Amino acid sequence: LSLIAIASFIIWEAIHRWQNPEQILGLPMLFIAVLGLIINIFSIKLLHPHTHNDLNLQGVFLHVIADTISSVGVIIAALLVHIYHWWWADAAISLVVAVFIGLSALPLVKESLNIFLEYAPKSIDPNEVDISIKSFPNVLQVEKLHIWKISSNSVMLCANVTVECTTLDERDRLLKKLRTHLQRTFGITDMTLQLTSYKSLVEASINPLLNQDLALMVSANQSRSNL
């Protein structure tokens with residue numbers, strides 16, 4: 001968002017300078033722009049290897065790219081002003097640079113909003129994940145499956161999984177297999193899988209103390225007997 005704000009400010013200043021052109025010293029302007037370009041190129045070489053999986057560094061890298069493009073634009077404007085005395089060149093190139101910076105920042109803003117709003121990444125289809133989990137022999141049902149990005153290189157998953165396991169060791173082995181499979185297949189690094197035994201659900205459903213309908217029936221019968 002800061003890049004878009006900077007681009008908007010540059011456009012505002014460029015329009016003002018276009019309407020009210022001022023005399024510009026071409027050579028000092030050229031010297032400062034060349035110096036800034038050298039520094040920005042050095043910064044790009046340092047940052048580029050570390051920007052692939054970090055959204056914050058991508059934002060910093062885009063800032064440096066914007067500064068580099070601005071330096072190139074200032075060099076061109078300084079040459080035009082010094083050689084041809086085209087005072088409007090500074091404002092015109094500022095507009096071009098500002099538009100480029102704004103358009104370049106939009107994908108980064110969109111990616112940040114997707115993380116903030118906890119959207120599922122486009123590279124992962126929740127239906128495919130659901131089918132993949134159900135493909136395991138002891139998995140009977142998958143409920144409340146939710147997938148979202150928590151950073152530029154980290155995806156979170158949570159789900160309730162009904163399984164048919166006779167022992168706790170068997171359930172733990174299944175959980176480990178599911179975690180390994182999801183990480184290798186879909187690149188999901190963080191997950192919360194709640195495994196519920198189908199046998200426990202069946203026992204709970206037929207237990208009068210845990211069944212609301214049966215409890216109401218017992219209460220009604222007691223009321224009638226009291227009458």
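Quick caveat: nothing in here was measured; it's all calculated off a predicted structure.
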Checklist entry - How many angstroms lie between CD in E164 and OG in S197, if you round to the nearest 0.5 Å? => result 8.0 Å
Checklist entry - Charged N to carboxylate O below 4.0 Å: is that the case for K134 and D130? => result yes
Item to check | I75 side chain reached by L30 side chain, heavy atoms, under 4.5 Å | outcome: yes
Checklist entry - Does M191 belong to the same Ile/Leu/Val/Met/Phe/Trp/Tyr cluster as F136, with side-chain heavy atoms less than 4.5 Å apart forming each link? => result yes
Checklist entry - Hey, what do you get for CG (L80) to CH2 (W88), rounding to the nearest 0.5 Å? => result 7.0 Å
Next on the checklist: Quick check on the hydrophobic clustering: are I131 and L195 connected, directly or via other members, by side-chain heavy-atom contacts under 4.5 Å?
Outcome noted: no
Item to check | Value rounded to 0.5 Å, distance of CG in D172 from NZ in K177 | outcome: 12.0 Å
Next on the checklist: Pair R173, E170 - check side chain to side chain contact (heavy atoms under 4.5 Å, CB included), show working.
Outcome noted: CA-CA 5 Å; R173 287 195 297 268; E170 185 179 358; 3.8 Å; yes
Checklist entry - Closest heavy-atom contact between R171 and C165? => result CA-SG, 3.8 Å
Checklist entry - Looking at side-chain heavy atoms only, is the closest gap between L157 and V129 below 4.5 Å? => result yes
Next on the checklist: Let me check something: do V34 and V72 share a hydrophobic cluster, defined by ILVMFWY side-chain heavy atoms less than 4.5 Å apart, either directly or through other members?
Outcome noted: yes
Item to check | Gap between atom OG1 of T192 and atom CG of N160 - 0.5 Å precision | outcome: 10.5 Å
Checklist entry - Do you reckon L46 sits in the same ILVMFWY cluster as I38, going by side-chain contacts under 4.5 Å, direct or chained? => result no
Next on the checklist: Heavy-atom count check: over 12 atoms from other residues, nucleotides or ligands less than 6.0 Å from H82 NE2?
Outcome noted: no
Next on the checklist: Main chain of E128, side chain of S132: is a donor-acceptor contact present, judged purely on distance under 3.5 Å?
Outcome noted: no
Checklist entry - Do the side chains of I65 and F61 get nearer than 4.5 Å, heavy atoms only? => result yes
Just list the side-chain donor-acceptor pairs under 3.5 Å for residues 140-150, sequence neighbours left out, or say none.
residue	atom	partner	partner atom	Å
Q141	NE2	E143	OE2	3.2
K149	NZ	E111	OE2	2.5

Checklist entry - Going through the checks in order, is the side chain to side chain contact (heavy atoms under 4.5 Å, CB included) test met by T68 and L37? => result CA-CA 6 Å; T68 304; L37 179 62; 3.6 Å; yes
Checklist entry - I124 and V155: side chain to side chain contact (heavy atoms under 4.5 Å, CB included), yes or no, with the steps? => result CA-CA 10 Å; I124 300 178; V155 180; 4.0 Å; yes
Checklist entry - Shortest non-hydrogen contact from G36 to S71? => result C-OG, 3.8 Å
Checklist outcome for this item: Heavy-atom closest pair (S70 atom, V97 atom, distance to 0.1 Å) is OG-CG1, 3.4 Å
Checklist entry - Where do I133 and L178 land on the side chain to side chain contact (heavy atoms under 4.5 Å, CB included) test, with the steps shown first? => result CA-CA 7 Å; I133 295 175; L178 287 172; 4.1 Å; yes
Checklist outcome for this item: Closest non-hydrogen atoms of M156 and I188, given as atom of the first, atom of the second and distance, are C-CG2, 4.5 Å
Next on the checklist: Could you measure the distance from the CZ atom of R179 to the CG atom of L175? Nearest 0.5 Å is fine.
Outcome noted: 5.0 Å
Item to check | Side-chain heavy-atom pair V161, L174 within 4.5 angstrom cut-off | outcome: no
Checklist entry - Which is it for S154 and D190 under the side-chain hydrogen bond (donor to acceptor under 3.5 Å, both in side chains) test, yes or no, and what are the steps along the way? => result CA-CA 7 Å; S154 184; D190 298 290; 3.1 Å; yes
Checklist entry - Could you give the distance from CD (Q194) to SG (C158), rounded to the nearest 0.5 Å? => result 10.0 Å
Next on the checklist: Grouping I, L, V, M, F, W and Y whenever their side-chain heavy atoms are under 4.5 Å apart, do L193 and L168 come out in a common cluster?
Outcome noted: no
